[in-house]
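Below is one structure, written out as structure tokens; comments come after it.
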Amino acid sequence: MNKISVAIDGPAGAGKSSVAKAAAAALGYVYVDTGAMYRAVAVYALDSGIDPETERDRLVPELNGISVTFEASKDGQMVLLNGRDVTSRIREADASMGASAVAVIPEVRKKLVAEQKRMGESGGVIMDGRDIGTTVLPDAELKIYLTASVDERAMRRYRENKERGMECSYEEIKKDVIKRDENDMNRAVSPLRRAEDAVLVDTSELDFDESVGRIIGLIKEREEHVL
Ligand code: DC
């Protein structure tokens with residue numbers, strides 16, 4: 001079967017990463033988590049004492065020295081920032097907010113989009129993010145817009161954090177989800193929007209396995225069409 005390129009976009013907390021990762025593992029595709037790349041740039045800024053919200057002038061000149069790579073490990077995929085493992089660090093709250101802030105900086109997007117296009121060149125990838133179907137892989141054979149209601153997305157993140165032993169409040173997380181939606185959808189550069197030719201998958205009423213099954217079904221169907 002010919003492997004295709006799959007673009008999955010959607011708002012924060014819709015389950016894109018976990019669903020995409022599981023579908024990629026089941027079908028032998030390479031999974032690229034583009035959000036992790038924005039998060040890693042944010043961690044670079046935070047660790048360098050640069051405020052991602054207000055000090056873009058200090059961050060931009062440093063971009064050439066920032067390398068974000070993925071490496072397979074026994075626990076799944078590792079995210080490396082200049083060779084340092086930041087897989088857990090990028091999931092912390094300041095890195096989430098920081099990622100949303102660095103994602104509005106055109107120079108950051110230019111750098112990361114170029115790297116993502118390169119990663120997608122050879123096909124056989126499932127890439128998730130906000131602008132994959134619209135900007136990074138506009139020719140992807142399959143585009144999916146994966147979403148869920150705000151309440152459902154906040155509840156999932158809340159449960160995830162609890163499972164990781166992180167202290168958190170549902171109301172705070174919900175506020176965070178709403179704020180990130182606003183940032184992602186209303187920014188001037190590459191705002192989150194559904195590509196015209198993207199298939200809408202709403203997972204509010206689907207559990208994890210059902211969501212993965214839906215994505216795998218769509219990919220298999222499309223693989224047959226591009227034979
Ligand atoms: O998917 P995520 O929560 O890990 O993404 C982190 C931030 O990066 C989020 O605020 C949106 C931004 N992002 C983006 O602008 N473009 C992408 N392709 C992926 C993520």
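These numbers were taken from a predicted model, which means no experiment stands behind them. Order of appearance sets the numbers: ligands from 1, and atoms from 1 within every ligand.
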Of all the atoms in ligand 1, which lie at a distance below 4.0 Å from a heavy atom belonging to Gly129? 17 (C), 18 (N), 19 (C)

For Arg180, atoms of ligand 1 separated by under 4.0 Å from a heavy atom: 3 (O), 6 (C), 9 (C), 10 (O)

With respect to Tyr38, determine whether any N or O atom, backbone or side chain, lies less than 3.5 Å from an N or O atom of ligand 1. no

Suppose we screen for salt bridge (charged side-chain N to carboxylate O under 4.0 Å, His left out). Which residues come up paired with Arg91, at least two apart in sequence or across chains? Asp33

How close does the nearest protein non-hydrogen atom get to atom 19 (C) of ligand 1, and which residue and atom is it? Thr34 OG1, 3.3 Å

In Å and rounded to the nearest 0.5 Å, what is the CD to SG distance from Glu172 to Cys168? 10.0 Å

Measuring from non-hydrogen atoms of Gln116 to any atom of ligand 1, is the shortest distance under 4.0 Å? no

Identify the protein heavy atom lying closest to atom 1 (O) of ligand 1, giving its residue, its atom name and the separation to 0.1 Å. Arg130 NH1, 2.9 Å

If the condition is salt bridge (charged side-chain N to carboxylate O under 4.0 Å, His left out), which residues does Lys174 pass it with, not counting sequence neighbours? Asp151

Thr203 and Arg156: side-chain donor and acceptor closer than 3.5 Å? yes

Please classify the Asp184 to ligand 1 contact at 4.0 Å (heavy-atom distances, strictly less than): side chain, backbone, both or neither. side chain

Is there a polar contact between ligand 1 and Arg39, counting only N or O atoms under 3.5 Å apart? yes

Polar-atom distance check: Lys16 versus ligand 1, any N or O pair below 3.5 Å? no

Do Tyr29 and Ile4 have side chains that approach each other closer than 4.5 Å (heavy atoms only, starting at C-beta)? yes

How far is atom 12 (C) of ligand 1 from its nearest protein heavy atom, and which residue and atom is that? Ala103 CB, 3.8 Å

What's the shortest distance from atom 16 (N) of ligand 1 to any protein heavy atom, and which residue and atom give it? Arg109 NH2, 3.1 Å

Which residue supplies the protein heavy atom nearest to atom 7 (C) of ligand 1, what is that atom called, and how far is it? Ala99 CB, 3.6 Å

Options Arg91, Met37, Arg187, ranked by nearest heavy atom to atom 15 (O) of ligand 1, top entry: Arg187

Would you say the side-chain atoms of Ser96 and Arg39 include a donor-acceptor pair closer than 3.5 Å? yes

Audit row: Met127, Ile8, side-chain contact (heavy atoms from CB on, under 4.5 Å) steps and yes/no: CA-CA 6 Å; Met127 195 176 284; Ile8 304 186; over 6 Å; no

Could you tell me if Asp128 and Tyr31 have a donor-acceptor pair between their side chains, going purely by distance under 3.5 Å? yes

Is Arg157 close to ligand 1, meaning an N/O of one under 3.5 Å from an N/O of the other? no

For the residue pair Leu206 and Arg214, establish whether any side-chain heavy-atom pair is separated by less than 4.5 Å. yes

If the cut-off is 4.0 Å to any non-hydrogen atom of Ser100, which atoms of ligand 1 fall inside it? 10 (O)

Side chain to side chain contact (heavy atoms under 4.5 Å, CB included) with Leu81: which of Ile90, Thr87, Val86? Val86

